[in-house]
Amino acid sequence: MAPAGDREGYWGPTTSTLDWCEENYAVTWYIAEFWNTVSNLIMILPPIFGAMQSVRSGLEKRYTASYLALTVVGMGSWCFHMTLKYEMQLLDELPMIYSCCIFVYCMFECFKMKSSVNYHLLFTLVLFSLIVTMVYLKVKEPIFHQVMYGMLVFTLVVRSIYIVTWVYPWLRGLGYTSLGVFLLGFLFWNIDNIFCDSLRNFRKKVPPIIGVTTQFHAWWHILTGLGSYLHILFRLGMLLNCGVGEDS
């Protein structure tokens with residue numbers, strides 16, 4: 001949580017339940033958290049090209065959906081950090097749940113033949129998303145969202161480790177790289193939260209070009225965006241090994 005005393009800008013007072021460590025409106029009057037905003041480009045542009053390539057290659061729709069879901073998360077996060085409004089916060093946080101559910105579905109269906117639909121898993125994930133959405137809209141507690149998101153990520157991690165250990169060990173490098181990059185981003189996210197006061201004091205004492213490198217929430221965006229993109233490539237590697245890549 002950012003310290004009090006941040007200036008106001010174009011979007012007015014903060015209404016979100018979270019305000020991160022980057023100084024508000026320090027770069028421009030039009031963007032509340034400049035670096036936390038622009039760092040989302042890595043979750044917007046590459047996945048768009050990935051989705052376009054998936055369509056051209058005739059890959060299953062679930063993989064196109066994965067790319068587009070990552071893009072939606074990036075756009076929601078852009079709006080949230082640009083405005084620090086509660087409505088935009090929801091546009092960031094809820095798609096994180098929905099996109100992770102898509103990832104989970106793909107991971108558990110990666111060995112199935114084309115045109116197959118696991119309705120039981122699909123129903124479970126949709127129900128989970130609805131319950132999380134309704135509860136979060138009611139309680140408005142960020143920790144609840146973080147725990148639910150963490151559960152989905154943990155599921156992906158366990159499933160990925162199983163696959164690279166017992167099924168496709170030759171994909172271990174890509175799988176562990178994806179996981180390692182994501183976990184490094186999570187480390188930076190925690191540093192940004194825990195040492196915010198120290199980071200802000202440090203930025204006041206050093207040239208801006210050095211201070212920018214300590215915007216660790218922006219690094220969280222970059223690393224988790226990269227890790228998620230690599231995770232999609234990891235799943236595509238499994239699909240190619242299965243030999244079932246056609247549209248479904």
Mind checking whether Asn193 and Trp20 have side chains closer than 4.5 Å, heavy atoms only?
yes
Has the side chain of Thr214 got a donor or acceptor atom that lies under 3.5 Å from a matching backbone atom of Ile210?
no
Ile97 and Phe128, any side-chain heavy atoms less than 4.5 Å apart:
yes
Close side-chain approach of His217 to Glu22, heavy-atom, < 4.5 Å
no
Can you check whether Leu18's main-chain N or O pairs, donor with acceptor, with Ser16's side chain at less than 3.5 Å?
yes
Closest approach of Leu121 to Asn118 (non-hydrogen atoms, all atoms of both residues)
N-OD1, 3.0 Å
Find out if a path of hydrophobic residues (ILVMFWY) with successive side-chain heavy-atom gaps under 4.5 Å connects Leu183 to Phe234.
yes
Looking only at heavy atoms, the pair that brings Tyr229 and Pro46 closest together is CE1-O, 3.6 Å
If you define the side chain from C-beta out and look only at heavy atoms, does anything of Arg203 sit under 4.5 Å from Glu23?
yes
Does any part of the side chain of Phe80, heavy atoms only, come nearer than 4.5 Å to the side chain of Leu91, both counted from C-beta?
no
Heavy-atom pair of closest approach, residues Ala51 and Leu68
CB-CD2, 3.7 Å
Mind checking whether Trp189 and Phe216 have side chains closer than 4.5 Å, heavy atoms only?
no
Is there a path from Phe202 to Val27 through hydrophobic residues (I, L, V, M, F, W, Y) whose side chains come within less than 4.5 Å of each other?
no
Hey, is CD1 on Ile143 packed in by over 12 heavy atoms from elsewhere, all under 6.0 Å?
no
Where the side chain of Asn201 meets the backbone of Asp197, is there a donor-acceptor pair that is under 3.5 Å apart?
yes
Taking Tyr162's backbone N and O only, do any of them form a donor-acceptor pair with Thr165's side chain (distance below 3.5 Å, no angle check)?
no
Could you check whether any side-chain N or O of Ser77 sits under 3.5 Å from a backbone N or O of Gly74, counting only pairs where one atom can act as donor and the other as acceptor?
no
Shortest non-hydrogen contact between His221 and Ile42, atoms and distance:
O-CG2, 3.7 Å
Just by distance, do the side chain of Tyr67 and the backbone of Ser54 share a donor-acceptor pair under 3.5 Å?
no
Cation-pi check for Tyr86 against Lys140: NZ or CZ below 6.0 Å from the six-membered ring centre and within 45 degrees of the axis, yes or no?
yes
Residues Gly211 and Val206: closest non-hydrogen pair is N-CG2, 3.8 Å
Evaluate whether atom CH2 of Trp219 has more than 12 neighbouring non-hydrogen atoms of other residues, nucleotides or ligands under 6.0 angstrom away.
no
Please list all pairs passing the ring pair (Phe, Tyr, Trp, His ring centres under 6.0 Å) test where one or both residues lie in residues 28-56, with sequence neighbours left out.
Tyr10-Trp29, Tyr10-Tyr30
Lys85 with Glu87: basic N within carboxylate O range, under 4.0 Å:
no
Does Glu60 use its side chain to pair, donor to acceptor, with the backbone of Arg62 at less than 3.5 Å?
no
Under the 6.0 Å and 45° cation-pi test, does Arg159 pair with Phe108?
yes
Residue Leu130 excluded, over 12 heavy atoms near CG under 6.0 Å
yes
Any side-chain heavy-atom pair from Met107 and His231 closer than 4.5 angstrom?
yes
Between the main-chain N or O of Asn36 and the side-chain N or O of Ser39, is there a donor-acceptor pair closer than 3.5 Å?
yes
Any side-chain heavy-atom pair of Tyr176 and Ser160 under 4.5 Å:
no
Check: Asn40 side chain, Thr37 main-chain N or O, donor-acceptor pair, under 3.5 Å
yes
Is there a donor-acceptor pair closer than 3.5 Å between any side-chain N or O of Ser178 and the backbone N or O of Leu174?
no
